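Structure, as structure tokens:
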Amino acid sequence: MDNAYQVAVLLKLLLLVGPIAVYFIVLGLLNSQSVPRLVDARTDFLVLTFAVCPVLLAPAPSLWQQGYGWVLAPALALAALVMRALLPRRNSGWVIYNLSVHRARVLVERCLRDLGWRFEAADGVLKVTQPGLEIRFSSLPVLRNVTCHLAFADDASRETLEARIRDRLETALSRQQLLPSLAGSCLMVVGIGLMILPLWMMSRHSDAIAEVVTRLLLS
């Protein structure tokens, strides 16, 4: 097998596996902290999108070589529209890592009381009558995170209200003391395991990599 081909295969593997491995390692670190960590929902979605994009785009070169390149443009346009529709709006919520959904709800309710806002709980949704806000919770127990979805009656006050609640919630989260998370350790192991595979293959083909690099430097 040609050395250049071996290096190309290794780079493709690293490009596919690397971002996902780093994503799992970051999740593991977030879930291993002594206090819960709050991340903007839009930022969390973008990070996940960048991690899986190489995998989603992997069939593109093969389709191009087989003469189906005309399919790529509409497929990419459709994927972009789907991502645009799924992308959370600014100031529309947060993802809290290393916290149960029950505890997250209790802390959010406490923050609303501290702000002097009256609310009602119905079907898992907190309805704040004044200033006009709904907070909905969803959870991924495997990743040990809770997503807080915010729906505002008045978009003009969205940024101000979101900042007030977030400041209170971050203060409340900083006071939580947690034990080491099993989920965090498992995510770290998965991420490191995925990263080991391309690194192990690179070590086996180090001579081919050195030769290709030498050719590039001397050309």
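Bear in mind the structure is a predicted one, so any value in this text is a computation, not a measurement. All values below were derived from every heavy atom in this structure, side-chain atoms included, with hydrogens, water molecules and symmetry-related copies excluded.
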Subject >> For L81, the rest of its hydrophobic cluster, which grows through side-chain links under 4.5 angstrom >> reply: none
Subject >> 4.5 Å side-chain heavy-atom contact, L112 and V128 >> reply: yes
Subject >> Common cluster, V108/V125, ILVMFWY with side-chain heavy-atom separation under 4.5 Å >> reply: no
Original post:
Less than 4.5 Å apart, any side-chain heavy atom of I25 and any of M188?
Top reply: yes
Subject >> L173 vs P36 side-chain heavy atoms within contact, under 4.5 Å >> reply: yes
**OP:** Check P19 against P54 and note the closest heavy-atom contact, atom names and distance.
**Re:** CG-CG, 4.0 Å
Subject >> ILVMFWY network linking V95 to V101, side-chain heavy atoms under 4.5 angstrom >> reply: no
Subject >> L27 CG to C186 SG distance, which is reported to the nearest 0.5 Å >> reply: 12.5 Å
Original post:
Can you tell me how far CG of D167 sits from CG of L115, rounded to the nearest 0.5 angstrom?
Top reply: 9.5 Å
**OP:** Write down the atom of A172, the atom of L107, and the distance for their closest heavy-atom approach.
**Re:** CB-CD2, 4.3 Å
Can you give me every donor-acceptor pair (side chain of residues 131-145, partner residue at least two apart or in another chain, under 3.5 Å) with its distance?
unit_1 : atom_1 : unit_2 : atom_2 : d
S138   : OG     : H149   : NE2    : 2.9
S139   : OG     : N145   : O      : 3.2
R144   : NE     : N98    : OD1    : 2.8

Subject >> Separation between CZ of F24 and CG of L29, rounded to the nearest 0.5 Å >> reply: 13.5 Å
**OP:** Starting at CG of L187, measure out to OG of S185 and round the result to the nearest 0.5 Å.
**Re:** 9.0 Å
Result block: side-chain N/O donor-acceptor pairs under 3.5 angstrom for residues 38-46, not counting sequence neighbours:
unit_1 : atom_1 : unit_2 : atom_2 : d
D40    : OD2    : R42    : N      : 3.0
D40    : OD2    : T43    : N      : 3.2
R42    : NH1    : P88    : O      : 2.8
D44    : OD1    : Y97    : OH     : 2.3

Original post:
With a 4.5 Å heavy-atom cut-off, do Q176 and R103 have their side chains touching?
Top reply: yes
Original post:
When hydrophobic residues are tied together by side-chain contacts of less than 4.5 Å, even through go-betweens, does L57 share a cluster with L48?
Top reply: no
**OP:** For I20 and A51, work out which heavy atoms get closest and say how close.
**Re:** CG1-O, 3.5 Å
Original post:
What do you reckon, is CD of E159 surrounded by more than 12 foreign heavy atoms closer than 6.0 Å?
Top reply: no
Original post:
Side chains of R158 and R89: does their closest heavy-atom pair fall under 4.5 Å?
Top reply: yes
Original post:
Are any non-hydrogen side-chain atoms of L126 and R105 less than 4.5 angstrom apart?
Top reply: yes
Subject >> Identified side chain to side chain contact (heavy atoms under 4.5 Å, CB included) counterpart of V17 within the set L15, L14, L13 >> reply: L13
**OP:** May I ask whether V35 and L169 are part of the same hydrophobic cluster, defined by side-chain heavy atoms of I, L, V, M, F, W, Y residues being less than 4.5 angstrom apart, directly or through others?
**Re:** no
**OP:** Give the C-alpha distance, both sets of side-chain angles, the deciding distance and a yes or no for side chain to side chain contact (heavy atoms under 4.5 Å, CB included) between T49 and L86.
**Re:** CA-CA 11 Å; T49 301; L86 295 176; over 6 Å; no
Original post:
Side-chain heavy atoms under 4.5 angstrom apart, residues restricted to Ile, Leu, Val, Met, Phe, Trp, Tyr: same cluster for W94 and V106?
Top reply: no
Original post:
Does some side-chain heavy atom of R37 sit less than 4.5 Å from a side-chain heavy atom of I96?
Top reply: no
**OP:** Check whether any side-chain N or O of T160 sits under 3.5 Å from a backbone N or O of S157 as a donor-acceptor pair, and report yes or no.
**Re:** no
**OP:** Check whether any side-chain heavy atom of E109 sits under 4.5 Å from a side-chain heavy atom of F119, and report yes or no.
**Re:** yes
**OP:** List the steps and the verdict of side chain to side chain contact (heavy atoms under 4.5 Å, CB included) for M83 and L56.
**Re:** CA-CA 12 Å; M83 292 297 180; L56 297 178; 4.1 Å; yes
**OP:** Decide side chain to side chain contact (heavy atoms under 4.5 Å, CB included) for W117 and I165; before the verdict, give the C-alpha distance in whole Å, the side-chain angles of both, and the deciding distance to 0.1 Å.
**Re:** CA-CA 11 Å; W117 295 352; I165 305 172; 3.5 Å; yes
